[in-house]
Amino acid sequence: MIENTGQEQDATNLCDYCQLTETIPDLSVAGNLQKWYDLEVAKRRLLYLLDNLGLPYGSQMEQFVLPLSFDFKEDIQPVRWGSIKIGKEEKVFTGHADGKITINLREADPVEREKLRVAFGETQRTLIGHFRHEVGHYYWQLLVQGKDEQSYKAMFGDHESPTYSEALDLYYKNGPKLNWQESFISAYATMHSWEDFAETWGTYLDMYAVLDTAENTELLEMPG
Ligand SMILES: [Zn+2]
């Protein structure tokens, strides 16, 4: 189903990768076609890597246990008519919930993304990086939750205490843990054990992608 634009399509006509996108932006808005295109390119790069690594995922149509899907949405501002607001304001948060990866369209705007990178003091902020991070949350739910939480806790710490919302409040109040460089992959990884896992997962995929490119351009020969 393609929401927002009223452009409903029969998903059986779409390829395996395209049918995982459930919501696309309003293409009547100038610039949105390019942003959607850039998001789909990043999504395909992610799925190519997952296929290469043999990681499981599937769609609702295939009746996969935790179906993976994508929403590409933008913040909706109510229309102002004098002092009257028409319509509801909707803020879109980039994130993962039960197999659904949502990316705010703003991230596909290089100028906006750079502003956010500077505001959050990050060394890098990329579209593909968002996909690689969010899919880490997906794989936590698919492969770790209720299956291997003890060995997970031994490595990434307790995800139940503090709770995610407690940890989030503390992080935005106090900032990252001191000397995080000694034991975390990024400042954001110190926020909560789930973010540590997702940041680590995303970085692993970054490294794998670099090696895959090096191998395909014959800069490097990979074993096996
Ligand atoms: Zn996260």
Side-chain angles (χ1 to χ4, degrees), residues 20-23 38-39 42-43 45-47 49-50 53 55-57 66-75 90-109 112-149 151-153 155-177 180-181 183-209:
L20 295 180
T21 300
E22 285 191 350
T23 307
D38 292 343
L39 283 158
K43 188 194 84 181
R45 285 177 64 195
L46 171 76
L47 297 172
L49 266 197
L50 302 183
L53 286 161
L55 284 162
Y57 68 89
L66 184 68
L68 180 64
S69 63
F70 298 87
D71 277 359
F72 303 137
K73 296 161 83 171
E74 62 189 326
D75 297 333
E90 192 190 330
K91 250 190 148 353
V92 175
F93 294 97
T94 294
H96 166 266
D98 296 329
K100 163 82 70 194
I101 290 176
T102 302
I103 310 277
N104 189 319
L105 209 63
R106 198 178 163 199
E107 295 290 346
D109 180 329
E112 290 297 316
R113 194 170 60 243
E114 180 61 11
K115 279 188 205 159
L116 291 170
R117 186 192 71 76
V118 171
F120 291 123
E122 296 167 341
T123 50
Q124 59 152 339
R125 189 178 184 95
T126 61
L127 255 195
I128 184 67
H130 281 300
F131 283 89
R132 290 177 183 152
H133 171 101
E134 298 307 337
V135 91
H137 291 303
Y138 173 70
Y139 282 110
W140 188 89
Q141 194 169 346
L142 187 69
L143 304 175
V144 179
Q145 187 175 37
K147 294 189 174 85
D148 204 6
E149 292 188 28
S151 48
Y152 164 81
K153 277 186 188 175
M155 187 162 293
F156 290 96
D158 192 348
H159 56 282
E160 290 164 313
S161 173
T163 65
Y164 190 85
S165 63
E166 285 165 356
L168 188 69
D169 287 347
L170 280 176
Y171 184 78
Y172 286 112
K173 208 166 94 192
N174 304 332
K177 289 196 175 90
W180 60 265
Q181 292 90 340
S183 42
F184 291 89
I185 198 87
S186 69
Y188 190 55
T190 68
M191 198 274 265
H192 183 267
S193 142
W194 285 339
E195 296 306 344
D196 189 7
F197 183 81
E199 286 286 274
T200 305
W201 183 282
T203 304
Y204 176 80
L205 293 187
D206 282 345
M207 293 190 299
Y208 187 90

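All values reported here derive from a predicted model rather than from experimental measurement. Whatever order the structure lists ligands and atoms in, that order sets their numbers, starting from 1.
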Discussion item. Any non-hydrogen side-chain atom of Y188 less than 4.5 Å from a side-chain atom of P176?
Written reply: no
Worksheet item: Should F70 and E22 count as side-chain neighbours, where that means a heavy-atom distance under 4.5 Å?
Response: no
Item to complete: May I ask you to check whether Y57 and Y138 place their ring centres under 6.0 Å from each other?
Response: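 Distance test on ring centres: not under 6.0 Å, no.
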Worksheet item: Checking only N/O/S atoms, does H137 have one that is under 2.8 Å from the Zn ion (ligand 1)?
Response: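 For H137, the answer is yes, given that an N, O or S atom comes within less than 2.8 Å of the Zn ion (ligand 1).
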Worksheet item: Do any of the N, O or S atoms of E199 sit under 2.8 Å from the Zn ion (ligand 1)?
Response: no
Fill in: Atom name of the N, O or S atom in H133 that lies nearest to the Zn ion (ligand 1)
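Nearest to the Zn ion (ligand 1) within H133's N, O and S set: NE2.
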Discussion item. Which atom name would you report as the N, O or S atom of E195 nearest the Zn ion (ligand 1)?
Written reply: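 Distance check against the Zn ion (ligand 1) picks out OE1 in E195.
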Worksheet entry | Criterion ring pair (Phe, Tyr, Trp, His ring centres under 6.0 Å) on Y152 and W140, from CA distance to verdict | CA-CA 9 Å; Y152 164 81; W140 188 89; 5.7 Å; yes
